[in-house]
Amino acid sequence: MLNPPALAAKDFVDRLQAVGFDFFTGVPCSLFEPLYRELARRPALKYIPALREDSAVGIATGAYLAGRQPVVVIQNSGLGYSLNAYTSLVLIYQIPLLTLISWRGYGGNDAPEHLIMGARMPRLIEDIGAAFLILGETGGLAEVERAIDLMRKERTAVFLTIKPGVLR
Amino acid sequence: MKRIEAVQVIMGGIHGALWVHATGMISREAFAQGDRPESFYMIGSMGLNSAIGVGLALNLPNRTVAVLDGDGSLLMNLGILATVGELGLSNFVHFVLDNASYASTGGQPSISNAVELERIAAAAGYKHTCRIREIDELRREVAKVPERPKPLLLLVEVAPGNESEVARVDIPPPQIAERFRQEACRR
């Protein structure tokens, strides 16, 4: 399967900002390096480094309760650490929350620690009842609008995954 | 002092704050003290109430954000002390009701009798911390909260065990979140 064409982090952040996302928190992943650089260039967009992925989900929930439209940015290894934060906080309190989640282990080509989560991530997200989207899957940045529509209509957690090499 | 007495003194002595209450008996005792829309009751995700407080305090710099925590809850997410200290949140007030046990699950011991949580907070950058043992001392410290430098952490030693007949929080979680959000965004 061919990877979708690489998308510019600048265009991606432009689109996130255009639909109202204004607060970012998370734990770094190397696949998001272009994204952090882009966020750092925009003083209007706050990025708060969290120490754990579940803490990032808590901080984002607080930001939502304060009137923001937050985004959590995590590596998929952090889905394990934060699963309970989604099932017993975000989903039951119906917090509309976007999570950008890297897809380490995609296609089975990665370091051993990423292979199990890489293979199971979509199922895990769907099994807890959250929405799962893949950036670039329908061409360009259309998933950003789909994500915000789903979040607002369903009042739920939406995971937008980003495969290796998609963001530049 | 009993935990519920500490909850009464703290909630009765801090005005105009947004509250984030720890999972378990602390949320229930805060609810029993008088339900209010500016209270966010955690029913799951133990340890993340303080993280919610961080997200609130960052985005509402003109509101006081009060986190009512337990020793078990704080120990579960001890890293949040570093985040609060590093961010230097000047509207963040952290109360830790320390009974050295997991009272909500039957009183199993925690390790806080051997760990001075208020000193960890001070090392992490909280600007005022202290340990309180008597209820009169708690009253005096709570009255001084507005003038203290923040972030601030008051560790309150409370007796182990639970009150009988403290009702569960019976508000559906989406309603807790929505009315809290409206209250938080009102001014």
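These numbers were taken from a predicted model, which means no experiment stands behind them. First the proteins, then the strands, lettered A, B, ... as listed; each starts at 1.
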**Message:** If I take atom CD1 from residue Ile80(B) and atom CG from residue Leu51(A), how far apart are they, to the nearest 0.5 angstrom?
**Reply:** 7.0 Å
**Message:** Less than 4.5 Å apart, side chain to side chain, heavy atoms only: is that true for Ile48(A) and Leu87(B)?
**Reply:** yes
**Complete:** In terms of heavy-atom contacts, Gly55(B) and Ala66(A) come closest through O-CB, 4.4 Å
**Prompt:** What are the two closest non-hydrogen atoms of Tyr93(A) and Ile43(B), and how far apart are they?
**Reply:** OH-N, 2.9 Å
**Complete:** In this structure, CE of Met42(B) is separated from OG of Ser88(A) (nearest 0.5 Å) by 7.0 Å
**Asked** Above 12 or not: heavy atoms from other molecules or residues under 6.0 Å from CZ of Arg42(A)?
**Response** yes
**Asked** Is atom CD of Glu134(B) surrounded by more than 12 heavy atoms (other residues, nucleotides or ligands) closer than 6.0 Å?
**Response** no
**Message:** I'd like to know if Val54(B) and Leu78(B) are part of one continuous hydrophobic network [Ile/Leu/Val/Met/Phe/Trp/Tyr, side-chain heavy atoms within less than 4.5 Å].
**Reply:** yes
**Asked** Heavy-atom distance under 4.5 Å to chain B: side chain of Tyr64(A), backbone, both or neither?
**Response** both
**Message:** Looking at every heavy atom in both Asn59(B) and Arg68(A), which two are closest together, and how far apart are they?
**Reply:** OD1-NE, 2.9 Å
**Prompt:** Taking all non-hydrogen atoms of both residues, which atom of Pro173(B) and which atom of Ile92(A) are closest, and how far apart?
**Reply:** CB-O, 3.4 Å
**Request:** Assess whether side chain to side chain contact (heavy atoms under 4.5 Å, CB included) is satisfied between Thr61(A) and Leu48(B), documenting all intermediate values.
**Result:** CA-CA 10 Å; Thr61(A) 299; Leu48(B) 293 190; over 6 Å; no
**Exceeds 12 heavy-atom contacts within 6.0 angstrom, atom CZ of Phe132(A)** = yes
**Request:** Measure Glu178(B) against the heavy atoms of chain A and call it side chain, backbone, both or neither at under 4.5 Å.
**Result:** side chain
**Message:** With a 4.5 angstrom heavy-atom cut-off, is it the side chain or the backbone of Leu18(B) that approaches chain A, or both, or neither?
**Reply:** neither
**Asked** Taking every heavy-atom pair that is under 4.5 Å apart, which of Arg155(A), Gln94(A), Arg52(A) has the most such pairs with chain B?
**Response** Gln94(A)
**Asked** Within a reach of under 6.0 Å around CZ of Arg168(B), are more than 12 heavy atoms found that belong to other residues, nucleotides or ligands?
**Response** no
**Complete:** Note: Ile95(A) and Ala177(B) closest approach over all heavy atoms is CD1-CB, 4.0 Å
**Request:** Would you check if there is a donor-acceptor pair between the side chains of Asp54(A) and Ser45(B) at a distance under 3.5 Å?
**Result:** no
